[in-house]
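Proteins get letters first, then strands, A, B, ... in listed order; numbering begins at 1 in each.
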Amino acid sequence: MRNITDVEDKIIARATERGVSIRDLTEGTAKIYQEDALALGNLPPTLEPRVTDTMPEIVAMIAKLVANNHAYVAEGHVLFDVASDADYGKLSRRALDEMISGARVEVAPYKKSPMDFVLWKPSHATMIGWDSPWGRGRPGWHIECSAMGEKHLGETFDIHAGGIDLIFPHHENEIAQSEGAHHGRPIANYWMHNGFLQVEGEKMSKSLGNFITIRELLAEKVFGGQQWHGKVMRLAMLGTHYRQPTDWTVERLLQTRATLMDWARLLHGTPATDDPHDEFLAALSDDLNTPAALAVLHGLFATARSNAADRARLKRTLNFLGVYNDEKDADFIVGQTIDAAAVEALIAKRIAARKAKDFKEADRLRAELTTMGVAIEDGPSGTTWKVMS
RNA sequence: GGCCACGUGGCGGAGUGGUUACGCAGAGGUCUGCAAAACCUCGUACCCCGGUUCAAUUCCGGGCGUGGCCUCCA
């Protein structure tokens with residue numbers, strides 16, 4: 001399940017400004033997100049709930065929190081009472097008094113504690129809003145995720161994932177809300193937080209001018225002067241454990257692409273087994289240790305050349321990982337076409353030159369092919385060529 | 001300022017209280033007209049300083065560095 005938070009003050013402001021509905025405004029961005037995720041080989045989620053479809057449940061959950069004395073109404077707002085939650089801060093390992101003494105918290109006059117956060121806030125008559133027992137308004141950030149989780153997955157679900165930057169306050173507040181509404185029963189059994197991405201050693205930001213989207217990487221030559229295949233990006237990301245920070249570099253993508261092309265040369269057109277490799281699955285089962293899992297695959301690749309069973313197993317496992325589906329090596333080089341007929345003609349000329357022992361001419365022809373991005377290999381069964389990675 | 005995470009060989013990147021993954025690059029060899037591919041061989045690294053221990057990269061304390069969070073404000 002993947003939540004879409006489509007009610008948020010910036011979205012409301014923009015929809016109002018343009019005179020369109022929230023749905024019309026957010027449909028486009030949601031679609032882009034879905035397409036990008038798909039291009040990276042992520043399976044679509046079973047459920048993709050939206051805040052706009054969850055309003056009754058949000059209101060009901062807030063009412064439950066008020067009834068359980070975890071929330072109070074003040075000046076048209078409903079606020080979560082952090083003092084009512086002895087465990088508050090357990091996920092981010094922060095103590096309440098430390099946060100307050102951190103002195104950056106805004107003290108609103110109607111808050112009992114500066115750390116109390118908004119569950120519901122009032123909307124102007126002209127502003128987008130929904131009816132509630134506390135007046136017309138809209139939900140604060142955090143409550144929507146608690147409500148969508150409860151609605152579709154029940155009080156407790158197994159794994160909650162998200163970026164490391166969301167641990168505080170978002171996930172911390174989700175826990176406070178859901179557990180406050182469910183008499184302390186946990187919202188999730190496990191939390192998985194992924195580390196941050198950097199670009200060429202710097203954080204990605206618009207002001208640094210290195211902000212780059214998946215869409216651009218796929219379709220435009222903005223990173224390293226080329227386009228990048230979704231599966232190359234996927235494998236590149238899998239090379240780092242999810243909790244670690246990752247530096248996104250051209251060098252990394254080039255190296256990953258070369259690896260994937262090596263695999264493709266061996267596996268294209270060969271059969272696959274039914275099940276992925278056991279040791280590979282064992283590595284993934286250990287906190288999703290993808291780098292260790294990839295090490296297993298490298299070992300398999302080493303033996304796969306001379307072992308058809310290993311080849312079939314490797315192919316199935318790569319497919320399971322979502323990085324290979326019988327592509328040819330050149331498929332992983334996007335936006336570059338090579339004139340196969342011209343290549344074949346040059347190779348024929350070179351073969352003739354070699355026969356005539358004109359090695360100078362043969363080497364010149366090889367250099368010409370290299371310039372075209374083509375590498376040739378003289379094997380026992382003739383000369384073959386491949387796109388250089 | 002407070003809190004959290006991370007700091008591994010040329011690069012990428014796992015992991016572990018002692019026998020030192022894995023990939024790339026690099027070196028040597030077989031092979032080749034030359035190459036490439038393939039195959040074989042080669043890397044004793046773990047930010048700094050203390051401490052615990054027979055033994056620390058791995059545990060504890062301190063420091064430095066990098067990154068994140070610490071604002072829902074109608």
Can you give me the N/O atom pairs linking the protein to nucleotides 5-10 of chain B at distances under 3.5 Å, or say none if there are none?
residue, atom, partner, partner atom, Å
A5(B), OP1, Arg93(A), NH1, 3.3

Which protein N or O atoms sit under 3.5 Å from an N or O of nucleotides 42-46 of chain B?
none

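Between C73(B) and Tyr110(A), a contact under 4.0 Å exists linking OP1 or OP2 to a side-chain N or O. OP1 or OP2 of G23(B) has not a single side-chain nitrogen or oxygen of Thr259(A) nearer than 4.0 Å.
A salt bridge (Lys or Arg N to Asp or Glu O under 4.0 Å) check over residues 119-136 of chain A, counting only residues at least two apart or in different chains, returns the pairs Asp9(A)-Lys121(A). Every pair passing salt bridge (Lys or Arg N to Asp or Glu O under 4.0 Å) that includes a residue from residues 357-366 of chain A is listed here, sequence neighbours excluded: Glu361(A)-Arg364(A), Arg364(A)-Glu368(A). Legend: salt bridge (Lys or Arg N to Asp or Glu O under 4.0 Å) pairs involving residues 271-289 of chain A, not counting sequence neighbours, sorted by first then second residue: Arg243(A)-Asp287(A). Under the salt bridge (Lys or Arg N to Asp or Glu O under 4.0 Å) criterion, the residue pairs touching residues 158-181 of chain A are Lys90(A)-Glu179(A), with sequence neighbours excluded.
Applying the side chain to side chain donor-acceptor pair (under 3.5 Å) rule to Glu251(A) yields no partners; only residues at least two apart in sequence or on another chain are considered. With sequence neighbours left out, the salt bridge (charged side-chain N to carboxylate O under 4.0 Å, His left out) criterion links Glu377(A) to Lys386(A).
Which of C72(B), A74(B), G23(B) sits closest to the side chain of Lys121(A) comes down to C72(B). The nucleotide whose nearest atom lies closest to any side-chain atom of Phe168(A) is, among C70(B), A14(B), C22(B), C70(B). The side chain of Arg138(A) sits closest to A74(B) out of A74(B), G23(B), G67(B). When the nucleotides C70(B), G15(B), C73(B) are ranked by their closest atom to the side chain of Asn289(A), G15(B) comes out on top. Of the candidate nucleotides G13(B), C73(B), G23(B), C73(B) has the atom nearest to the side chain of His77(A).
Residue Gly239(A) is in sugar-phosphate contact alone, with no base atom involved, counting any heavy-atom pair closer than 4.0 Å across all strands shown.
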remark   = Expected string for nucleotides 33-41 of chain B under the B/S/- scheme (protein heavy atoms, under 4.0 Å, primed atoms plus P, OP1, OP2 as sugar-phosphate) is BBBBSSS--

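Salt-bridge check for Asp326(A) with Lys315(A): passed, with a basic side-chain N closer than 4.0 Å to an acidic carboxylate O.
Within the hydrophobic cluster formed by Ile, Leu, Val, Met, Phe, Trp and Tyr side chains joined at under 4.5 Å, directly or through other members, Leu166(A) is accompanied by Trp141(A). In the hydrophobic clustering, where aliphatic and aromatic side chains (Ile, Leu, Val, Met, Phe, Trp, Tyr) are joined below 4.5 Å either directly or transitively, Val118(A) groups with Tyr72(A), Leu79(A), Tyr110(A).
Taking the six-membered ring where tryptophan is involved, the planes of His170(A) and His142(A) are tilted, since the angle between them lies from 30° to 60°.
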With a 3.5 Å cut-off and sequence neighbours excluded, list the donor-acceptor pairs that the side chains of residues 297-308 of chain A form with protein atoms.
residue, atom, partner, partner atom, Å
His298(A), ND1, Leu294(A), O, 3.1
Thr303(A), OG1, Leu300(A), O, 3.0
Thr303(A), OG1, Asp310(A), OD2, 2.7
Asn307(A), OD1, Ala309(A), N, 2.9
Asn307(A), OD1, Asp310(A), N, 3.0

